[in-house]
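A short write-up of the structure that comes next.
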Amino acid sequence: LPGRAHAAIATQNKVEKMLAAQGKTRNDLGRERFLERVWEWKRKYGGIILEQLRRLGASCDWERERFTMDEGLSVAVREVFVRLYEKGLIYRDRALINWCPRCKTALSDEESPGKELPGKLWSIAYPLADGDGEIVVATTRPETMLGDTAVAVHPSDERYRHLVGRYAILPLVGRRIPIIADVHADPEKGSGAVKITPAHDFDDFQVGLRHQLPQVVVIDEDGKMTAEAGPYQGLDRMEARARVLRDLEQQGLLRGVEDQVTPIPHCYRCDTVVEPALSTQWFVRMKPLAEPAIRVVKEGKIRFHPPQHQETYFHWMENVRDWCISRQIWWGHRIPVWYCDRQHMVVSRVTPSSCPECGSTSLRQDEDVLDTWFSSWLWPFSTLGWPERTRDLEVFFPGDTLVTGPDIIFFWVARMIMASLEFMGDIPFRDVYFHSIVRDPEGRKMSKSLGNSPDPLWLIDGATVEELGEFAKKNPSYAKGVPAYGADALRISMVYLTPVGGDIRFDHTLVEFGQRFANKLWNAARLVLLNVRAEDEPLPVEEIRAEELSLVDRWILSRLRAAVEAVRTALQEFRFSDATRALYKFVWNEYCDWYLEFAKEHLDASAEPRRRQVTLSVVLAVMERILRLAHPFVPFITEELWQALPAGCRRVQGVASIMVQSYPQPEQTLSDAHAEEAIALVQEVINAVRNIRGEVRVPPQARVSLIVQWAEARHQELLRESLPYMARLAKVAEVKFETARPRAAASAVVGRMSLFVPLEGVIDLELERGRLRKEIERLTGQLETLNVRLNNRDFLARASQEVVERERQKKSDFEARLGRLQMCLSSLD
RNA sequence: GGGCGAUUAGCUCAGCUGGUCAGAGCGCUGGUCUCACAUACCAGAGGUCACUGGUUCAAGUCCAGUAUCGCCCACCA
C-alpha cells in the first residue's frame, strides 16, 4: 500500500521559500490561497518518491495509493482527536513547549533533537537586596536572566540557608527576586545556586509552578527580546546575549567563564536553535497509551529486528512525556475545535453550525493544525477505511512486517503501536525490521542540506556531470557522472552491503557488485537458452528417474536444495544480506563456475540424446529455481529471463508473471550426500591440477596427463568417469592409476591420493620444490599445534570425547598427507 | 551524564550457540579474448582478528577494563 505523509512543516517551508523568492509571504496570499499553492506543489513533486519506488521495482498495490491529507484519512484524524478528547487524553494548556522561531511553530520533543555544541558557562553575581553580599549563579544562556523571577538553592544546602527568604536584585533590569529553597537546585553543580526563569526553561517552569513565581516572557515568537527585556527590547536573542554579557562585564558582575559542550535543541526541519517558550497548545496524555504499547513488545507480540532497538523503544515509552500536537502553520489537518464568541469550546467530528452551549452561530475554528505524525500514527488502519469497519480492515489488519529506519522509532513506530492498540484493540504489525541508514562515503548522514544524497534514478539510469549539476561538484566520486547501473543492480547491492544493525557508507561504485551479478545471471541464462532447441522437450525434474540423473545433476540439485534452504532461513530471520550472499555463492560459484561447465559436456551435439535431454532438463530446472529465488532481489532481470524460459519449465502454464509462482521450497528428496562428496573430490582434483598449472607455469593450451597414486577403487572409478570434466576444466588429457612415481612431475595431495602431473622438460624443478615446501611448511605448522593439543593431558581429560576423536583423526590425516608430500619432494631429487 | 553499536586483508564487509589452522567481493600481481559472460576465466600475494588482562584443556568467537569511531537518550546552572 504505497503512500506518504503530508510532511507539514517541511512542505510548508518549501512553499514559503518559493514565495519568498517572489518577495511574498504566506500572509500575502491568505490561508486559502496559500493552501492551494501547497496542493499544487504536492501534485508536482509529491509523486517523485513514489516514482523512485516504482522504478526500484517495489511490488506495491499501486492502485491503493494513500496520502495523509486524503479525505478518508482526515476523517480518521478527526475521529481520533474527538475520541481522545472525550476520554480526557487530549487537553489544551498554557505550558512551556519547544518553539522554532524560524518556522514559528511549536514542536514536539522528538522534533527538537539536541545537538552537542561547544558553548560557555558564565557565572553571574546577583547582588543581595538588603545589605552587602551577592549570590552567584551560572548559565549558558545569559539573555534569559532578564526573565528571572527567583534564585533557588537546595533546602539542605548549609551555605545558603541564611539567604532563603531574602531577595536579590536582578542586574541590568533591577527587579527584586526572591531566593527560594527548591530541590531542583543541585548543590554539586556550579555555585549551588541556580537562576529561575519560568518562561524560558523547562525545569524552571516547574519550579515556578511550585512557588507561584511570575512568568516573565523576554523572548518573543521571532526570537527577539520583548518589552520585558527593557533596554534589550527588539534585539535578536543571540545579539541580546552578547549585549547582556558586555553590560554585566562593565558592571563587574561576571564571575567567571568556562568552556562547556552542551546539547542544544534544534528544529529538525530547519536546524534553527529551538527556544523553550510559554504558549497555549494542545497535548496528548501519553502515559495511558504507552503502557499497553510497552506490554505488547515485552510479551513478544511485536518483535524488533535487530532486537537491540527494543531498548530504545522501552526507554522512550517509559519516560514518555505529553505530546504537543498543535502546530502554528497552515498545511495540515486543522484542529477540529471551534470557539464561539462567548469563548465556549466545541470539539466536534463535523463542522458545527452553532454553539451547543449558547446557540451562538458565530463560530471560529482553531487556527492551528495538527502535527503530521498525528495522522501518520493512524496509517496501519486509517488507510484501510477506519473508522468504518471495512472489508479491507478485516483482511489486511494487522499487517505483517513494518520496514523502517531506526531514526523514526519514536515518531512513528512507537506511536503506530499506541494508536493501533487504542483504536483497533490490536497490534498494527508483528515484526518491525529496522534497516540501515545510508551514509555518504565520509560517513555523514545523507541530507538535503548537505546535498550528498544521490537520486536513485541517477544510479538506475546513469547521469552525466551536467545532469548531476551541483551534486557532482560537491561529491568527488560523482565528478565524472554516474554510469547506468540498473534498478536490479542497485537493489541487490543495497541489500548485500547492508549489515544487520549497522549503517552503510555508500558510494555508487559499490553498485558494481549488483551490476556484475545481474550480468552474470543474464549470461548464464543466455548460455542455457542457447542450448535449447525448438524440438527439445525438457522434463520436470520430479519426472526424471534418479538413476537417469548424472552425478553432477544430483550434485547441483542437492546444492540447490541447500541454497534454497539458506536463503529462506536468512529471509525468515530478517538477515537479508546473508540471503543475498547465499544466493550469490550458489549462482556464481556453484551453478556457473562448476555445474554449467560440467553440463556443457552433455549438451553439445555429440552427446547421447537421452543424456542430453536429462541434462538440459536439470540445467533449466535449476535456472528456473534460481530466477524465482533471486526475484525479490533482482525482479526485473529475473522476470525477463523467466519469461524467456521454455514454457514447460514453469510450474503454472500460461501465467504471465514470475510473481505468482511460489517461492522455491527446499525439496528434501534432492539432498544427496554421496554426490556432494564425490563432486567435492573431483573439484579438489581439478583445483590441484589448476594450481600446479598456474604455479609451475604450464602453458595454458598444453594438455597434461594425470597420474594418481593410492586411489581407492571407488575413487579410481569416479576419476575415470570424470575425465571429460577434468579435460574441460583443467586440460587433463588422460588419467592413469599407477603405483610408481613418475620422474620430473609436479605433484599434489588430495585426500589420501597423490597426484602427479608429468612435465618432462617443461618443469622448473625449483618452482615445483618451492610449491611443495610451502605446502609442507603449512601442514607441519598445523600438525605441531595439533600435537601440542593432543599431548596435553588436560585436553584429553576435559574436552569432549567427540572433539578428541576428531582431533586424532585430523592428526592422522595430516600425517598421511605430509608423508605423501615429502615423498613427492624427495622424488624430485 | 546514561544507553547502544562498531573496531577482522589496502577498501567494503561475512564469521551463528568457543574446538581446521581466519573468509568473500573490490583493489593489487601474473596469466588467458577458452564457442554465456574480459562487467569474464585461471592462478597468486596480502591479516600479531584495536589494546590489556581474565575465564577455559581450547577465544576474532565468552567476561572485565582501556582506546578510537559512531548512534540514541538526557532539564542548555
Side-chain angles (χ1 to χ4, degrees), chain A residues 113-114 117 119 121-124 136-141 144 152 184-186 189-196 201-206 260 262-265 273 276 306 308-309 311-312 315-316 319 406-407 409-410 437 439 443 445 496-499 501-505 507 509-510 512-513 515-531 573 575 577-578 581 584-585 589 592-593 596 600 604 687 690-695 697 699-701 728-731 778-779 781-786 789 792-800 802-804 806-807 810 814:
Chain A
L117 292 177
L121 178 67
W122 288 275
S123 294
I124 304 168
V136 175
V137 296
T139 181
T140 55
R141 296 194 304 154
T144 62
H184 165 63
D186 181 348
K189 275 189 187 170
S191 64
V194 58
K195 61 193 270 314
I196 301 297
D201 181 281
F202 286 96
D203 288 325
D204 295 0
F205 180 74
Q206 295 302 328
Q260 179 171 295
T262 23
I264 298 171
V273 174
Q308 53 275 28
H309 289 299
E311 296 310 313
T312 313
H315 185 265
W316 184 79
N319 298 287
D407 50 342
I409 290 182
F410 315 132
I437 300 283
R439 299 176 176 279
K445 209 163 165 173
Y496 176 82
L497 290 164
T498 296
D503 288 352
I504 168 175
R505 287 184 180 217
D507 186 78
T509 55
L510 295 173
E512 286 168 11
F513 166 84
Q515 193 184 27
R516 281 198 318 274
F517 181 74
N519 184 251
K520 192 71 177 175
L521 206 53
W522 181 263
N523 282 302
R526 247 178 42 148
L527 169 68
V528 171
L529 294 171
L530 238 46
N531 278 285
E573 294 172 359
R575 291 181 290 109
S577 178
D578 286 352
R581 270 166 227 277
Y584 178 96
K585 267 185 94 158
N589 303 122
C592 290
D593 285 352
L596 287 181
K600 282 175 183 172
D604 61 36
N687 282 337
R690 280 172 167 176
N691 176 273
I692 288 170
R693 299 185 60 114
E695 292 221 37
R697 305 275 156 80
Q701 311 78 5
R728 191 173 277 276
L729 296 175
K731 289 223 156 48
R778 222 175 53 112
L779 258 182
Q782 289 174 9
L783 201 54
E784 221 164 284
T785 57
L786 257 184
R789 189 172 299 167
N792 183 335
R793 244 177 301 148
D794 289 328
F795 172 71
L796 298 176
R798 307 214 186 189
S800 77
E802 210 182 322
V803 170
V804 174
R806 203 162 62 220
E807 298 296 290
K810 222 152 67 181
F814 282 11

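This is a predicted model, so every value here is computed, not measured. FYI, side chains are in, hydrogens and waters are out, and symmetry mates aren't considered; it's all heavy atoms of this structure.
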Which part of the nucleic acid, if any, lies within reach of [X] when heavy atoms closer than 4.0 Å are counted: base, sugar-phosphate only, or nothing?
X	value
Phe517(A)	nothing
Pro113(A)	nothing
Arg581(A)	sugar-phosphate
Lys195(A)	nothing
Arg798(A)	base
Ala518(A)	nothing
Glu512(A)	nothing
Arg439(A)	sugar-phosphate
Glu807(A)	sugar-phosphate
Val137(A)	nothing

Legend entry - Under 4.0 angstrom between Lys810(A) side-chain N/O and U20(B) OP1 or OP2: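 So the side chain of Lys810(A) is within the cut-off, an N or O lying under 4.0 Å from OP1 or OP2 of U20(B).
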Legend entry - Gln308(A) vs G3(B): side-chain N/O to OP1/OP2 distance below 4.0 Å: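 No.
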Inset, instruction - Toss me the dot-bracket line for RNA chain B: Watson-Crick and G-U wobble, both under 3.5 Å, 5' to 3', using | for pairs to another strand and [ ] for crossers. - result: (((((((..((((.....[...)))).(((((.......))))).....(((((..]....))))))))))))....
Legend entry - Conformer about C1'-N of G60(B) - syn within 90° of 0, anti elsewhere: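 Glycosidic conformation of G60(B): syn.
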Spacing of [atom1] belonging to [X] relative to [atom2] belonging to [Y], to within rounding of 0.5 Å:
X	Y	atom1	atom2	result
Asp578(A)	Tyr496(A)	CG	OH	10.5 Å
His315(A)	Ile409(A)	NE2	CD1	13.0 Å
Thr144(A)	Ile196(A)	OG1	CD1	10.5 Å
Thr139(A)	Asp201(A)	OG1	CG	8.5 Å
Asp204(A)	Lys195(A)	CG	NZ	6.5 Å
Glu695(A)	Arg697(A)	CD	CZ	8.5 Å

Inset, instruction - Compare all side-chain heavy atoms of Asn531(A) with those of Lys600(A) and state whether any distance is below 4.5 angstrom. - result: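 No, every pair of side-chain atoms sits at 4.5 Å or beyond.
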Legend entry - Residue mapping more 5' on RNA chain B - nearest nucleotide basis, Ala524(A) or Tyr496(A):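 Its nearest nucleotide lies further toward 5', so the answer is Tyr496(A).
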Legend entry - 5' precedence on RNA chain B between Ala525(A) and Leu121(A) (nearest-nucleotide basis):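 Whichever sits nearer the 5' end wins; that is Ala525(A).
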Inset, instruction - Using atom NE2 of His309(A) as one end and atom P of C4(B) as the other, report the distance to the nearest whole Å. - result: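 Roughly 14 Å, once rounded to whole Å.
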Legend entry - is_close_aromatic(Tyr584(A), Phe513(A)), centroid dist under 6.0 Å: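 Between Tyr584(A) and Phe513(A), the centre distance is under 6.0 Å.
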Inset, instruction - Taking ring pair (Phe, Tyr, Trp, His ring centres under 6.0 Å) as the test, write out the residues that go with Trp316(A), two or more places apart. - result: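 By the ring pair (Phe, Tyr, Trp, His ring centres under 6.0 Å) rule, Trp316(A) matches Phe410(A).
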If you check the [X] side chain, which of [options] turns out closest?
X	options	answer
Leu497(A)	G19(B), U12(B), G25(B)	U12(B)
Leu596(A)	A77(B), A36(B), U56(B)	A36(B)
Arg806(A)	G19(B), A77(B), G25(B)	G19(B)
Thr312(A)	C57(B), C72(B), A36(B)	C72(B)
Phe410(A)	G19(B), A77(B), C73(B)	C73(B)

Between the protein and nucleotides 39-44 of chain B, list the N/O to N/O atom pairs that are separated by less than 3.5 angstrom.
| residue | atom | partner | partner atom | Å |
| --- | --- | --- | --- | --- |
| U39(B) | O2' | Asn519(A) | OD1 | 2.9 |
| A40(B) | O3' | Lys520(A) | NZ | 3.2 |
| C41(B) | OP1 | Lys520(A) | NZ | 3.0 |
| C41(B) | OP1 | Trp588(A) | NE1 | 2.6 |
| A43(B) | O3' | Asn691(A) | ND2 | 3.3 |
| G44(B) | OP1 | Asn691(A) | ND2 | 2.4 |

Say we look at [N] and [M]: how far apart would their [atom1] atoms be, to the nearest angstrom?
N	M	atom1	answer
A24(B)	G18(B)	P	24 Å
U48(B)	G5(B)	C1'	25 Å
C41(B)	A14(B)	P	24 Å

Legend entry - Residues Asn519(A) and Asn523(A): side-chain donor-acceptor under 3.5 angstrom: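 Checked: Asn519(A)/Asn523(A) side chains pair up, N/O donor to acceptor below 3.5 Å.
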